[in-house]
Every structure is written in C-alpha cells, then in structure tokens.
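The structure appears below as structure tokens.
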There are 2 protein chains.
Amino acid sequence: MNMPRNAPTGFSIGQLARSSGVGVETIRYYEREGLLPAPRRTLSNYRQYGQDAADRLGFILHAKELGFTLEEIRRLLHLSTNARTDAGTFHELALEKVRWIDERIASLQQMRKLLSDAVEACPGHGADKSECPILALFREGTHAKAERSMK
Amino acid sequence: MNMPRNAPTGFSIGQLARSSGVGVETIRYYEREGLLPAPRRTLSNYRQYGQDAADRLGFILHAKELGFTLEEIRRLLHLSTNARTDAGTFHELALEKVRWIDERIASLQQMRKLLSDAVEACPGHGADKSECPILALFREGTHAKAERSMK
DNA sequence: TATAACCCCGTAGCTTACTACAGAGTCAAG
DNA sequence: CTTGACTCTGTAGTAAGCTACGGGGTTATA
C-alpha cells in the first residue's frame with residue numbers, strides 16, 4: 001500500500017474511504033462542507049487521519065442512514081461535542097425526524113393505495129386502454145372516482 | 001383580466017397556470033421538456049391554450065402526485081395517445097411504481113423503527129447526553145445494539 | 001395616457017449530495 | 001528508472017424540477 005514514509009500512524013484518505021465505504025471525493029467534500037475537520041498533513045501534503053476522524057465519518061454515515069441531511073448532521077455533530085447539550089436536545093430532534101418520516105410514509109401510502117387499487121381493477125393485457133383505471137387516474141385525477149362511477 | 005383581443009377562445013399561460021395551480025414558469029418548462037406541445041400563438045405572440053392543453057397538464061400533475069417522474073410521465077403521455085397501447089402496458093408500469101413505492105416505504109419504516117425505539121429509550125431533558133441512545137445510534141451505527149448491551 | 005399587470009425569450013441559479021475532471025506532485029515496487 | 005497507483009488543488013458537471021432575472025413588448029383599467 002502507498003503510505004508516505006513520514007506517517008508512522010494514521011491512514012490516508014484512500015484508506016479511510018475504503019474502510020468506511022465511501023469515495024475519496026466524498027471525504028474531501030465533507031471536509032469542504034465542514035462536516036469533517038481539516039486533518040493534519042504529511043510532509044508531502046497528504047491528508048492523515050486518525051481514529052477520531054474515522055469515528056466522526058461513521059457518525060455522519062449512520063445519521064445519514066437515519067434520514068438526516070448533511071445540514072442537520074452538521075448540527076448533530078456540533079451538539080454531540082457541546083458540553084451543554086443534554087439528552088433532551090437529541091430527543092427533540094429525533095422526534096422531529098420521526099414525524100417527518102411519518103409524513104413521507106403517509107404520502108407514499110396514499111400513492112400506493114390509489115395506484116394499487118387501480119392496478120387491481122385493471123383488466124391488463126389485451127384490454128383496450130379505454131378500460132384501464134390507471135389511465136383514468138392520470139386523466140381524471142385522484143379525486144374523480146365518484147364522478148366516474150356516476151356515469 | 002388581460003386577454004389579447006385576438007383570442008376569441010382559449011386561455012393565456014397565466015390563466016392556465018392559475019387554474020391548474022402551477023406557476024407560469026413551470027408550464028414553459030414543461031413545454032421546453034416536451035411534456036406539453038408548443039401551443040398556437042396570438043398575433044402578439046402570446047401562448048394560447050385550449051382544453052386539450054389543460055387536460056394534458058392535468059394528466060402530468062396527477063401522474064406526479066402518483067409518484068411518477070417527468071421522464072416517466074413523458075412516456076405515459078406518449079403511450080396514452082398511441083393506438084397500439086393496451087391496458088397491460090399501464091398495468092406493468094403502475095405495478096413497477098407500486099413496487100418502487102413499497103421499497104421506499106420499507107426503507108423509511110426501518111429508519112423510523114430505529115429512531116423511534118431510541119427516542120422511547122431516551123431519558124430526555126435533564127439527562128446527560130452520555131445516556132442518550134439516539135446519540136449512541138449516531139456514534140455506533142444501527143448494528144451496534146448487541147455490542148453495546150454486552151458491556 | 002399612465003400605470004399595473006401580463007406576456008415574450010434566453011440564460012442562469014437553486015437544491016442536495018456528490019462525482020468528475022485537469023494538471024500536477026508523490027510513492028512503492030519491479 | 002519507469003510504471004502505476006495514489007494524492008493534491010480548483011473548478012465544473014450531474015440529477016430532478018423548477019425558479020429567477022434581465023430587458024423588452026402588450027393589454028386592460030383608471
């Protein structure tokens with residue numbers, strides 16, 4: 001592996017990238033965005049990371065998996081290292097995110113119901129598209145069911 | 001209202017926008033993207049729309065509500081005016097979208113479970129953040145539960 | 001007739017989270 | 001000593017779906 005001679009400890013950006021499963025460019029991007037601190041450099045100006053950086057990157061990736069945006073993660077990171085932050089702060093932020101997730105799920109479930117009801121009612125292959133309730137949904141919208149059944 | 005004199009019938013872009021609840025720029029954008037056909041023009045070069053355009057715009061907006069992208073909608077519009085398209089085609093495309101919706105819901109539900117479990121277990125205001133399971137989730141990831149309970 | 005409100009076109013900017021260059025320097029292995 | 005893999009910086013491009021802006025012409029209303 002390519003390790004600069006003057007790096008008795010720590011990993012290169014490539015090693016950090018591979019071990020965390022992201023791209024090198026992503027790490028540099030997080031640094032530019034202030035999510036990762038500028039690491040120290042070797043004599044040849046290569047970035048040199050320690051476990052702290054790997055942990056912080058893990059934090060970012062875990063929070064991302066939980067639905068937080070990078071902007072929110074910036075705040076979470078700041079809070080996590082602030083002595084005056086208590087558990088209540090995270091409780092609030094997480095609850096807010098749970099509610100946001102619930103909204104998204106509800107919206108998707110509504111889409112799903114409308115679409116799958118139409119799919120079930122669709123005669124399928126061979127039938128003319130004039131008999132397709134999916135196409136009717138596109139043409140008449142999601143609130144046109146009553147109108148259609150009145151014909 | 002501002003209607004050009006030489007427009008005995010049809011609506012202006014602003015009227016179409018208001019009646020469909022989108023912005024004027026959005027309609028021009030859909031036209032550029034080939035979702036709406038270039039309408040005829042008044043002598044003063046104003047776009048002049050008829051019911052057909054309003055219907056087509058409705059189709060686009062309904063399909064958007066159902067989770068289709070503009071690219072997919074372009075295809076749906078084309079299919080809907082193609083004589084050789086049968087109900088089976090829409091059945092397939094809608095089923096594919098339902099499955100995509102299911103994936104998104106599943107992913108959100110996983111996030112929701114991890115987060116809300118941690119929220120429930122979080123002591124909240126007053127407790128030190130070292131006791132916050134939400135923060136632990138960020139630090140140790142979503143697969144670290146077993147490890148933590150082994151301490 | 002003045003003014004507000006509308007319309008035209010073309011281009012550029014916004015959002016989020018990257019991803020891809022170009023052109024240069026550095027490092028380990030054969 | 002060359003090759004190839006790695007790293008550096010800075011800038012620009014991508015996706016999707018708009019949204020805004022500048023600089024003009026048009027129309028309805030008071």
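All figures in this text were calculated on a predicted structure; none of them were measured in a lab. Lettering of chains follows the sequences in order, A, B, ..., and the numbering in each one begins at 1. Only heavy atoms go into these numbers, but all of them, side chains included; no hydrogens, no water, no symmetry mates.
Residue Thr26(A) places at least one side-chain N or O closer than 4.0 Å to OP1 or OP2 of dT19(C). Close to dC7(C), at under 4.0 Å from its OP1 or OP2, lies a side-chain N or O of Ser12(B). A sub-4.0 Å separation between OP1 or OP2 of dC8(D) and a side-chain N or O of Ser44(A) is absent.
The side chain of Arg41(A) approaches dT9(D) more closely than any other nucleotide in the set dC18(D), dT9(D), dC6(D). Residue Tyr29(A) places its side chain closer to dC18(C) than to any other of dG25(C), dT11(C), dC18(C). Taking every side-chain heavy atom of Arg47(A) into account, dC8(D) is the closest of dC8(D), dA17(C), dC8(C). When distances are taken from the side chain of Tyr46(B) to each of dT19(C), dC27(C), dT26(D), the shortest belongs to dT26(D). The side chain of Ile13(A) lies closest to dT7(D), out of dT26(D), dT7(D), dT19(C). The Arg18(B) side chain lies nearest to dC6(C) when the options are dA17(C), dC27(C), dC6(C).
A salt bridge is absent between Asp52(A) and Arg56(A): the closest approach of a Lys/Arg side-chain nitrogen to an acidic carboxylate oxygen does not fall below 4.0 angstrom. Salt bridge Glu25(A)/Arg28(A): present, at least one basic N to carboxylate O contact under 4.0 Å. With respect to the salt-bridge test (charged N to carboxylate O, under 4.0 angstrom), the residues Asp102(B) and Arg112(A) qualify. Using a 4.0 Å cut-off between charged nitrogen and carboxylate oxygen, Glu71(A) and Arg74(A) count as a salt-bridge pair.
Within residues 69-80 of chain B, the residues that place at least one heavy atom under 4.0 Å from DNA chain D are, in residue-number order, Thr69(B), Leu70(B).
Cation-pi geometry between Lys97(A) and Phe68(A) is met: the NZ or CZ atom falls under 6.0 Å from the ring centre, inside 45° of the normal.
For the residue pair His62(A) and Glu140(B), no side-chain donor N or O sits within less than 3.5 Å of a side-chain acceptor on the partner.
For the pair Asn45(B) CG and dC6(C) P, the interatomic distance rounds to 19 Å; values are reported in whole Å. Separating the CD atom of Gln15(B) from the C1' atom of dC6(C) is a distance of 10 Å, rounded to the nearest angstrom. Whole-Å rounding puts the Leu16(B) CG to dC6(C) P distance at 15 Å. dG25(D) atom C1' lies 14 Å from atom CG of Leu43(B), rounded to whole Å. Rounded to whole Å, the distance from NZ on Lys64(B) to P on dA16(D) is 13 Å. Between the CD atom of Glu31(A) and the C1' atom of dG10(D) there is a distance of 14 Å, rounded to whole Å. At whole-Å resolution of the value, CD in Glu33(A) and P in dC18(C) are 10 Å apart. Here the P atom of nucleotide dT19(C) and the CD1 atom of Ile27(A) are 12 Å apart, to the nearest Å.
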Show the distances under 3.5 angstrom between N or O atoms of the protein and N or O atoms of nucleotides 21-23 of chain D.
none

Show me the side-chain donor-acceptor pairs of residues 130-138 of chain A shorter than 3.5 Å, one per line, residues at least two apart or across chains.
residue	atom	partner	partner atom	Å
Ser130(A)	OG	Asp128(A)	OD2	2.9

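With hydrogens and angles left out, the side chain of Tyr30(B) and the base of dG17(D) share no donor-acceptor pair within 3.5 Å.
Across Leu66(A) and Leu115(B), no two heavy atoms sit closer than the pair O-CD1, 3.8 Å.
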Verdict with reasoning, Lys113(A) to Asp117(A), per side chain to side chain contact (heavy atoms under 4.5 Å, CB included): CA-CA 6 Å; Lys113(A) 168 137 184 56; Asp117(A) 283 359; 2.5 Å; yes
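Under the 3.5 Å distance criterion, the side-chain polar atoms of Ser19(B) are matched with a main-chain donor or acceptor of Gln15(B).
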